[in-house]
Amino acid sequence: IPKLSRVAVLWKPGNINGERVYKEAQAAAEQLKVRLISLAVDSAGDFEQAFGVAVKEHADALMTIRNPLIVENRKRIAQLAIDHRLPSIYDERAFVEAGGMISYGANLADSYRRAAVYVDKILRGANAAELPIEQASHFALNINLKTASQIGFTFPPELLMRAEKVIR
């Protein structure tokens with residue numbers, strides 16, 4: 001989004017990981033000279049009001065910070081983003097499959113496979129405290145062209161070629 005200046009962030013405060021990710025997003029936004037619009041939600045009943053704030057504040061796009069509330073309501077969130085013509089980005093392909101526009105993040109299936117290796121090592125007697133911490137090494141880009149066309153958004157061909165999955 002070439003003239004991106006305001007990004008609405010849908011998240012649930014009170015989650016340690018969510019708080020950390022939001023602070024990291026704020027730091028990145030400052031460097032990019034982008035203003036974040038906090039759309040803090042506590043329940044599924046807060047989504048419509050949150051999107052109203054995004055529209056009132058003239059958000060150019062939407063991003064979410066993962067937590068159970070957001071994941072459980074991914075289809076509804078994706079539809080609200082479409083209804084409000086907000087390009088939306090998520091951290092997992094399931095959001096794109098539910099109607100979200102684009103996702104980029106660690107491949108969760110790969111992470112679960114790596115976790116199984118850790119479980120196996122621990123069950124065979126390894127000390128969990130001595131196992132090295134691993135970071136994700138496989139990241140996936142997924143695009144929903146149907147959603148993009150519904151809001152009048154076009155992806156550059158170079159980006160489409162990099163996508164792991166493109167929903168048409």
Q | Cluster overlap Leu80 with Val96, hydrophobic side-chain contacts below 4.5 Å | A | no
NZ/NE/NH1/NH2 to OD/OE distance under 4.0 Å, Arg35 and Glu57: yes
- Message: Could you tell me if the side chain of Val166 sits less than 4.5 Å from the side chain of Phe155, heavy atoms only?
- Response: no
Just wondering, do Arg162 and Tyr104 contact through their side chains at under 4.5 Å, heavy atoms? no
- Linking I/L/V/M/F/W/Y whenever any side-chain heavy atoms sit under 4.5 Å apart, do Ile102 and Ile1 land together? yes
Distance col, row Lys146:NZ vs Gln150:CD, nearest 0.5 angstrom, shows 6.0 Å
Of Asp46, Val53, Val9, the one forming a side chain to side chain contact (heavy atoms under 4.5 Å, CB included) with Leu39 is Val53
ask   = With distance as the sole test, does Ser103 use its side chain to make a donor-acceptor pair with the main-chain N or O of Tyr90 at under 3.5 Å?
value = no
On a heavy-atom basis, the closest approach of Ala61 and Leu86 is N-CD2, 3.9 Å
When every non-hydrogen atom of Ile122 is compared with those of Ala128, the smallest separation belongs to CD1-CB, 3.8 Å
Within a 6.0 Å radius of atom CZ on Arg76, are there more than 12 heavy atoms belonging to other residues, nucleotides or ligands? yes
* Asked: Is there side-chain contact between Met63 and Leu10, with heavy atoms separated by less than 4.5 Å?
  -> no
Correct closest heavy-atom pair for Ala106 and Phe139 would be N-CD2, 3.4 Å
* Within a strict 4.5 Å, meaning less than it, do heavy atoms of the Leu62 and His84 side chains meet? -> no
For residues Asp91 and Thr64, is any side-chain donor paired with an opposing acceptor at under 3.5 Å?
-> no
For a 4.5 angstrom cut-off between non-hydrogen side-chain atoms, does Thr147 reach Ile167? no
Open item on the list: When you measure from the side chain of Arg6 to the backbone of Asp60, do you find a donor-acceptor pair of N or O atoms at a distance under 3.5 Å?
Closed with: no
In short, Ala163 meets Ile143 closest at the heavy-atom pair CB-CD1, 4.1 Å
Residues Ala78 and Gly100: closest non-hydrogen pair is CB-N, 3.4 Å
Heavy-atom check, side chain of Phe95 versus side chain of Asn144, under 4.5 Å
no
If hydrophobic clusters are built by linking Ile, Leu, Val, Met, Phe, Trp and Tyr wherever their side-chain heavy atoms come under 4.5 Å apart, do Phe153 and Ile82 end up in the same one? yes
Could you walk me through whether Val21 and Asn15 pass the side chain to side chain contact (heavy atoms under 4.5 Å, CB included) check?
-> CA-CA 10 Å; Val21 172; Asn15 173 294; over 6 Å; no
Rounding to 0.5 Å, atoms NE2 (His138) and CG (Leu108) come to a distance of 11.5 Å
In this structure, would Leu4 and Leu36 fall into the same cluster of hydrophobic residues linked by side-chain contacts under 4.5 Å?
yes
Of all heavy-atom pairs linking Ala44 and Leu69, the shortest is N-CD1, 3.6 Å
Note to self: Any salt bridge linking Lys23 with Glu19? Criterion: basic side-chain nitrogen under 4.0 Å from a carboxylate oxygen.
What the structure shows: no
Does atom CD1 of Ile16 have more than 12 heavy-atom neighbours, drawn from other residues, nucleotides or ligands, at distances under 6.0 Å? no
Mind checking whether Ile70 and Ile65 have side chains closer than 4.5 Å, heavy atoms only? no
Review point. What do the steps show when you test Lys165 against Glu97 for salt bridge (charged side-chain N to carboxylate O under 4.0 Å, His left out), and what is the final call?
Key: CA-CA 10 Å; Lys165 182 173 184 176; Glu97 291 169 344; 3.2 Å; yes
Applying a strict under-4.5 Å side-chain criterion to I, L, V, M, F, W and Y, I'd like to know whether Ile151 and Leu159 cluster together.
yes
Within-4.5 Å side-chain heavy-atom neighbours: Phe47 and Ile77
yes
With no hydrogens and no angle check, is any side-chain donor or acceptor of Arg74 less than 3.5 Å from a backbone partner on Val71?
yes
